[in-house]
Number of protein chains: 2
Amino acid sequence: MSILSAALFFTRAHLVAALLTGCTPLPILEVSLNRLRTVLPQETNLTTIYDVAKAAGVTAATVSYVLSGRGSISQATREKVLKCAHELGYRPNLLARSLTKQQTRTIGLVIPHIINPFYAGIAETVERNAYTRGFRTVITNTYEDERLGQELLEDLAARRVDGIIALPGGLSLAAIQSMLKSGLPVICCLWEEEGQNIPSGVGLDFKRGGQLVARHLLELGHRRLSIIVDTRPDGSLDHHLRFSGFTETLQDAGCPLEPQFIAHGDSSLESGEAAAHQLLTQPERPTALFATNDLMAMGAISAAWKLGLHVPHDLSVVGFDNIALSPFMAPPLTTVNVDRDRLVTLALNLLLGRIEGKQLETPPLLLPEMVIRSSTAAPAPERGPASP
Amino acid sequence: MSILSAALFFTRAHLVAALLTGCTPLPILEVSLNRLRTVLPQETNLTTIYDVAKAAGVTAATVSYVLSGRGSISQATREKVLKCAHELGYRPNLLARSLTKQQTRTIGLVIPHIINPFYAGIAETVERNAYTRGFRTVITNTYEDERLGQELLEDLAARRVDGIIALPGGLSLAAIQSMLKSGLPVICCLWEEEGQNIPSGVGLDFKRGGQLVARHLLELGHRRLSIIVDTRPDGSLDHHLRFSGFTETLQDAGCPLEPQFIAHGDSSLESGEAAAHQLLTQPERPTALFATNDLMAMGAISAAWKLGLHVPHDLSVVGFDNIALSPFMAPPLTTVNVDRDRLVTLALNLLLGRIEGKQLETPPLLLPEMVIRSSTAAPAPERGPASP
DNA sequence: CTGAAAGCGCTAACAA
DNA sequence: TTGTTAGCGCTTTCAG
């Protein structure tokens, strides 16, 4: 087959189309469009730029130009096009646009669970921040399931998001690495290095957070401390750090954490309540309790309430995250603040930079800070059987 | 210009391309692909089906067939294609797929504010439910801003979501109608009819909810009732119904709501606390308080706590929504349950039905139900200055 | 069972 | 200032 015959082949269909419709050659493209569209269940009669172009008596390119504000278009045609577009209820097709432009101006945010106000807060901050920088964000929940997480990551990539912000919990490092390898920028936030090679991102000094809590409680005079910690396999590792910062500080203070005062949860309210109940119904109760997130702390306060214990008089409670609810608990929760605005700003800088090809430096770990409210106080004076 | 010259025009570039690359005519499509791709900032080297096809020694169509599982492909080529796809790290481009298939298998969910656990719960339910039915969902927050809401709706349409579930708050009826007009299915959930012509959806009998609360409090013996209600212009109207159900019932019981016992909030914790503070620092305090959502109720409990008032002894508090947190407040909140699972299931049935072209009937209003927990009790016996 | 080709809606380089 | 054309990556007839 010669090159010439190939050219003929390629052309034939067009010729036929032109002949069949008896049109002048110019609108060849036009007549062949919107033809043979497979009959859709839902009658979607979306207008295209071709429709607008036809109505305005110009070409699709012209319409594209006026719509994008690029190129130089006479005032007259601009107005006419705009008018037609409006009248036809034209709405651009972002799929097509993104396909040609090779970018979606969309980022993906992967979090464990939107029901946790900590993540909801992050999501809001990311969404708003990204929006002002011209990006839409699609929020994605792993529900702490690595299989799902992997799938969702693939899906985001398949949707060609321009970049991803990934929080730990339901996301394997391998999955992320795979994205990175295919050239998709991923920024890891609050991820925990454990000797592993975490891709660039912005982290927080969780260990220090645990230390702060221990110190605060110790300073108040507590000696019988307890902890509720989230240590699930698929979960994020940072809870381990909150834990070790806490225990090591106690250890150093000569007041090691007793094994029966360690309980486990899954970061949920329910688990916090259950764990606290278990902790508080032991023969000798702890006088203070550190839950490695605010939701579990809230559960703990609830457990105390149900046992008729007064917080902070009978039990001091400390959380971690400083979610929006914390100041409104009864009592307001003492907790560890994570500067979400800063976190998100840094992460977005990193991500948008990477999207533009810049290879920015990973910023230093953020420092958590104690927020002392009313759920902690000095322990009540000992009035056990031994005291007078 | 004749038809013939047009044909020549159309062909020339192809000829040139073929000549330049010196290829046999068949792979014209192939050689011209992935050429001249504008240099992108981020080096995205995504593989396409053409790459896979080339590697496997077949055509793109064949690759498409094996990947989609459609058509009949010999076991041999299937395996070879699959292998190549895997080795090349092929990831489908959903933009392109959606563009040709004229559907995205994605629905949009528009809510006011994800930080409100009520909406977070809805979002989770929708996401999971849709997922099992083969749809991804993109969550969108209006932040109660109608301008933003309108824009986001447009954006969802532009992304060609297959359908939208819209909750009130930051969404104008006009905006929705406009979507509907262009053929995009929209299901309105928890929307409030006010004589207006609400598009199909699933609603809840909010008024009845307000009545239930009033009855409950009345039955407990309360006579000095108060309310915190969200009545913002851009907000949803259902709070008005909760309000009128409440007041009318009180009225009927011969115990009308006093004007100074009506306070306003914006559905947030902060506003609930502030409004409650105002209510509770009046010379004569109410003995019960109904907040038209749980978040404001939580704020109210917080306000009471800060004023040294005991809930429910000094003040009964009732919320609305029954968010996941409610059972874990201190005390556990008495509230009105909205059956989210049912709500979402119905909405999704409606929406997916509409997407498939079926015109299903609007289901009857859901009925709210009282959930009595520990934040309500009989009022403490009167011990004001007048009593002995 | 596989290949060729058209088309989805839009953009952008180039030509006119 | 506007038009022509190729191409983004994929699906889907229609041929063979």
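What you see is a predicted model, and the numbers here were worked out from it, not measured in a lab. Hydrogens, waters and symmetry mates are skipped; everything else that's a heavy atom, side chains included, is used. A note on names: the letters A, B, ... follow the listed sequences, proteins ahead of strands, and every chain is numbered from 1.
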Novice: Only counting residues at least two apart or in another chain, list the ones meeting salt bridge (charged side-chain N to carboxylate O under 4.0 Å, His left out) with B:Arg128.
Specialist: B:Glu124

Novice: Looking at B:Gln102, does any N or O in its side chain come under 4.0 Å of the phosphate oxygens OP1/OP2 on C:dG9?
Specialist: yes

Novice: Please name all residues satisfying salt bridge (charged side-chain N to carboxylate O under 4.0 Å, His left out) with B:Arg147, sequence neighbours left out, ordered by chain then number.
Specialist: B:Glu151

Novice: Using a strict heavy-atom distance below 4.0 Å, which residues from residues 89-98 of chain A are in contact with DNA chain C?
Specialist: A:Tyr90, A:Pro92, A:Asn93, A:Ala96, A:Arg97

Novice: Check whether any side-chain N or O of B:Arg70 sits under 4.0 Å from OP1 or OP2 of D:dT12, and answer yes or no.
Specialist: yes

Novice: How would you list, by chain and number, every residue that makes a ring pair (Phe, Tyr, Trp, His ring centres under 6.0 Å) with A:Tyr143, sequence neighbours excluded?
Specialist: A:His113

Novice: When we call it a touch if two heavy atoms are under 4.0 Å apart, what does A:Ile49 touch: a base, just sugar-phosphate, or nothing?
Specialist: base

Novice: Once you round it to whole Å, what is the distance between P of C:dT11 and OH of A:Tyr50?
Specialist: 10 Å

Novice: Would you say a side-chain N or O of A:Ser74 is under 4.0 Å from OP1 or OP2 of D:dT2?
Specialist: yes

Novice: Does NZ or CZ of A:Arg105 come closer than 6.0 Å to the centre of the six-membered ring of A:Phe135, within 45° of the ring's axis?
Specialist: yes

Novice: Among D:dT12, D:dG9, D:dG3, find the nucleotide with the atom closest to the side chain of A:Leu99.
Specialist: D:dG9

Novice: Only counting residues at least two apart or in another chain, list the ones meeting salt bridge (charged side-chain N to carboxylate O under 4.0 Å, His left out) with B:Glu87.
Specialist: B:Lys83

Novice: Holding to salt bridge (charged side-chain N to carboxylate O under 4.0 Å, His left out), I want the full list of residues that pass it with B:Arg91, two or more places apart in sequence or in another chain.
Specialist: A:Glu154

Novice: If an axis is fit to five pairs at each end of the helix from C:dC1-D:dG16 to C:dA16-D:dT1, what is the angle between the two, to the nearest 10°?
Specialist: 40°

Novice: Output yes when at least one side-chain N/O atom of B:Thr77 is less than 4.0 Å from OP1 or OP2 of C:dT2, else no.
Specialist: yes

Novice: Below 4.0 angstrom from OP1 or OP2 of D:dG3, is there any side-chain N or O of A:Thr59?
Specialist: yes

Novice: Heavy atoms under 4.0 Å, any strand shown: does A:Ser72 hit a base, just sugar-phosphate, or nothing?
Specialist: base

Novice: With B:Gln75, which residues qualify under side chain to side chain donor-acceptor pair (under 3.5 Å), at least two apart?
Specialist: B:Glu79

Novice: How long is the line joining CZ of A:Arg160 and C1' of D:dG9, in whole Å?
Specialist: 8 Å

Novice: Return whichever of A:Ala61 or B:Ala61 has its heavy-atom-nearest nucleotide of DNA chain C closer to the 5' end.
Specialist: B:Ala61

Novice: Within less than 4.0 Å of OP1 or OP2 of D:dT11, is there a side-chain N or O belonging to B:Ser64?
Specialist: yes

Novice: Round to the nearest Å and state the distance from A:Lys54 atom NZ to C:dG9 atom P.
Specialist: 13 Å

Novice: Rounding to an integer number of Å, can you tell me how far A:Gln103 CD sits from D:dG9 P?
Specialist: 14 Å

Novice: Would you kindly give the CG-to-C1' distance between B:Asp51 and D:dC10, to the nearest whole Å?
Specialist: 13 Å

Novice: Classify the side chain of A:Tyr65 versus the base of D:dT4 as yes if they form a donor-acceptor pair under 3.5 Å and no if they do not.
Specialist: no

Novice: Checking A:Ser64 now: which residues fulfil side chain to side chain donor-acceptor pair (under 3.5 Å) with it, not counting sequence neighbours?
Specialist: none

Novice: Could you report the tightest heavy-atom contact between A:Val186 and A:Met179, atom names first, then the distance?
Specialist: CG2-CB, 3.8 Å

Novice: Between atom CG in A:Leu67 and atom C1' in D:dT2, what is the gap in whole Å?
Specialist: 16 Å

Novice: Please state whether the phosphate of D:dT1, meaning OP1 or OP2, lies under 4.0 angstrom from any side-chain nitrogen or oxygen of A:Gln75.
Specialist: no

Novice: Just checking, any donor-acceptor pair under 3.5 angstrom between side chains of B:Asn93 and B:Arg97?
Specialist: no

